[in-house]
Amino acid sequence: MADGIAVSVPASRPALTRPHRRIRDTWSKSLFLLPAILFVIAFFAYPVIKNLVMGFQSYTTASFYTGESPFIGLANYARVISQPLFLKALANTLLFTAGSLLGQFVIGMGLALFFHRHFPLSNLLRSLLLLPWLLPLMVSSTSWKLILDKDSGVINQILESTGLAGVSWLTSPSVALTAVVIVNIWIGIPFNVAILYGGLQDIPEDLYEAASLDGATGIRAFAHVTWPLLRPVVTVLLVLGVVYTLKVVDIIIGLTSGGPANATQTIATWSYQTSFISFNFGEGAALSNILIIISLVFALLYLRVSRRGVDE
Amino acid sequence: MKKPSPTTALTCALALSAALALTACSGPGPATNATPDGPATISILDWFSGDIDHEATQKVFDRCADAAGVKLDRQSIDGANLVQRVLQQASTKTLPDILMIDHTDVPQIAAMGALRPLTDADISSEGYADGVVSSGMYQNKLYGLIPNTATLSLFVNNALLKEAGVTAPKTWDELKSTAAALTHDGQYGLGFSAVADFQATWQFLPFFWTNGADETDITSPEAVEALQLLTDLLKAGSVSNSVLNWTSGDVREQFVAGKAAMIVDGPWDIPVVKSEAPDLDWSIVLIPTKNASDTSVAPLGGEAWTLPATSADPAHQAKAGEVLKCFLGDDSQISMGVARATIPGKTTLKDEYLKQMPDMATFAQQVANARSRTAKLGVDWPKTATALYQAEQLALTGQMDPADALKSEAANLG
Amino acid sequence: MTRTRTRQWLHTVVGVIILAVMLFPIYWMVNVSLQPASTMLEADWFPFTPNLSGYITAFHDQWGHLLTSLFVSLGAVVICLVIATPAAYALAHFKLPGSTAATFAIIVSQMIPAVVVANALYPTYNDTGILDNYIGLMLADASLGLPFSILIIRAFMASVSPSLVEAGYVDGASKLRVFWSIVVPIARNSIITGGLFTFLFAWSDFLLSSTLAGKSVRPVTLGVYQYITSYVTDWSTVMATAVLASLPALVLLVIAQRFIAAGITGGATKA
């Protein structure tokens, strides 16, 4: 069907010169993209630029009213980086992000593969899996706080009934970050499952049949059929996963407010508190800009990988 | 399934856009001022989105609006976003005519130049508790007043105390021994909020101030002693380490469930405890002081009402002032105080208020001595407040001893 | 045949167990919401004597807000997909100059903290008069899902074989026709996924609703604050509201998930 058999162009079409056609062609192609670009610029350009500039300014509550925000160069960045909390928050951020992504992706992939084969109720069960995502974060974090409470939480009750000691999930500096990561993984699994499942569904069945004829089933089929075809989807998922996870604030604040003693303080939560609780918007912007720089590294990696993919 | 042609799809999309565009015309824009003829509209912004608070205050506003012959346009948003909304409105010059903010934010907003002094609207601070007056001042002018205040005291579970054979503590030593006596299987002697935000600071201040420490120097020996008290209580096991994550609401739940025999809490929880545990035998006492002869000093809490400098029209400003003056009137303070379980800001109303709310006696006493958090530090309070709760968390988690914790946080303040 | 059937049911059992573990916190929340507030700490494992007062209150107060949420979220999905799908196609198949920059810009837009975006939009919304307005909130909520939708649909479309597309052009069809008749049906899964997530983002959005709307346009994420006073939160009603709010969204999700059909086999697609 698609063998490049030429079909004659109807005579009613005006004859266009080659450069004209190319320009018109590019223009009509751009129209597909234009609304999106305009939208993104309208909604996101101003915040990005404003945040960037604010990092270099002394911006306090007064600045909102008077509009005055003196330029102070790199002073905000210097101040923020020189604080002892900086390295801790940075480490927490990286651990939180890596841990969350690993957990969400691996479990998400496992669940997507599990639900890939159809069995009774699989559709319903798969839809119900999205429930954690439907709940307001405030409600999810309260629920988890109750469950993880050291004294009366369900998890410790179960542990203690089997003879193990209860754990100070959210109130021990050594455990709190792990607990918060676990909750974040729980929240992120539905997102991963839904996307990976969609990706798996798009892989034609006959490819698996062909592979099994060659003797490749199970893990080998996964490695040779599933994984290569899923790669574009996985790449988007991981990059967006990193970008979104770096920004997470609500769930951490809901569970521990960044404590105990900054054990769960990430750059994102610190930035939020600096701006909106201590009213030091310049430093808060500096912190979120640092976060953007970290995200940019991953974004550039993604572009490198996906460009290769498109050319393949 | 027959696929629709591109033209059909386009028509549908256009129809939908038209429908959406029509809805764009609905919905009013930001509150406007007076129409040329007809009563002025006074805009109000506050955080009383909860039913109880909203209704109690709305009743008063409606009455005052009638008296002043104006209409009201009130918006009550959720507490966490109030300051952001105020800042947004400040930058777009759309602040409301009457604005409620947490009183600790008054210096910040006043420093912006966005508020006008209450005295311009003929509202005086006479009769108010000292803490209320000092919290509303900025550069010697009065910008905000608190009609309903709150503070902290100690709730004690009488039944559990009787069982352990102890009485409500008055001094720190008594607190330690009583709490220890009350701690056994699944029950802790004392509970308070030490979560990593201003709630921890708020609950730490009674011990801090009563001991003579001052927010201008958080490394003083008195400050260290206060923090040492809490640390010792935790180390002795009388306090659960879950306090590091408990909000003040969580602490109340512990008390209601009988898991904490004594808690630091405020008057707003009295109706809640009564409704959740109607059979509980409990009472309220002053927060223990180091020595029996010291005065118990607790922090002042409550929302301040202010008048932003919005309209250039003096008649409009006068109307807004009139409404607010009525809102802050004696009757309103009492009616709102009863409905919201908070104490009237004017100490002169104490007796009449206690006639209706006898349970509040201890709190009314504590409010008279309550101290404003921003009186000395003004716009620099948030930084110190943060340093205090960070130090408390460091000490309670055992990562640093109280003296070092306070010193290291104080160093960050510079 | 019976062996495969048994195996299938075994999968169902495992599926239910997995779901039980995953949904336990939600179960706990529903459990607490059905018991009186005072027992939050000591709630029974099962609400033996369910107390529906929270649900009755929530339904009575919030059904209007639920409708608002529904209307706004669906509007956001429509706006988002109408803009995102052609853009994704262009990025995946047209080698336009600046495609890489556009993709990069789209990803960068996701790096900004939501609160910064909300605050930055406020003055613009104020000046153009779309504060507290359905269209305004729909546009803002569309922005939640747009970058994500573009990227995910692009990823799926990138795997559509170019030869299928070429065939369309060879037959003399316009770009729009090829897009609509060939590419969109094939990429249906990804479009539905993008729409699904935009709906979820919009449905659960609190920040943009609180900043850019709230008075006449009040979705359920804001409505729940009726039960949260300055000092006390009525958790059983709050949780009842959250559960009620999840139900319409869940119904829509189940329906939408049906459409994520099995893969391409010889060009046939399930209806």
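Atoms considered below: every heavy atom in the structure, side chains included; atoms not considered: hydrogens, waters and symmetry mates. Chain letters run A, B, ... following the sequence lines, proteins first, then strands; residues in each count from 1.
For C:D205, no part lies near chain A; criterion is any non-hydrogen pair under 4.5 Å. With a 4.5 Å cut-off on non-hydrogen atoms, A:I195 touches chain C through its backbone and its side chain both. For C:F206, no part sits under 4.5 Å from any heavy atom of chain A, backbone or side chain. The contact between C:A142 and chain A is made by backbone and side chain atoms together, counting heavy-atom distances below 4.5 Å. Residue C:F199 does not touch chain A at all, counting heavy-atom pairs closer than 4.5 Å. At a 4.5 Å heavy-atom cutoff, the contact between C:V16 and chain A is made by backbone and side-chain atoms alike. Heavy-atom distances place both the backbone and the side chain of A:S152 under 4.5 Å from chain C. For chain C, no part of A:I294 is nearby; none of its heavy atoms comes within less than 4.5 Å. Proximity to chain A is absent for every atom of C:L10, based on heavy atoms less than 4.5 angstrom apart. Proximity to chain A (any heavy atom under 4.5 Å) is restricted, for C:F179, to the side chain, taken from C-beta onward. Proximity to chain A involves both the backbone and the side chain of C:I112, based on heavy atoms less than 4.5 angstrom apart. Proximity to chain C involves both the backbone and the side chain of A:F43, based on heavy atoms less than 4.5 angstrom apart. Looking at C:A84, neither its backbone nor its side chain comes within 4.5 Å of chain A, counting heavy atoms on both sides. Heavy-atom distances place both the backbone and the side chain of C:L151 under 4.5 Å from chain A. For chain A, the nearby parts of C:S109 are the backbone and the side chain; heavy atoms of each come within less than 4.5 Å. For C:L250, the parts lying near chain A are the backbone and the side chain together; criterion is any non-hydrogen pair under 4.5 Å. Looking at A:L131, both its backbone and its side chain come within 4.5 Å of chain C, counting heavy atoms on both sides.
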- Task: Let me see the working for A:F276 and C:N119 under side chain to side chain contact (heavy atoms under 4.5 Å, CB included), right down to the final yes or no.
- Result: CA-CA 11 Å; A:F276 297 101; C:N119 278 335; 3.2 Å; yes
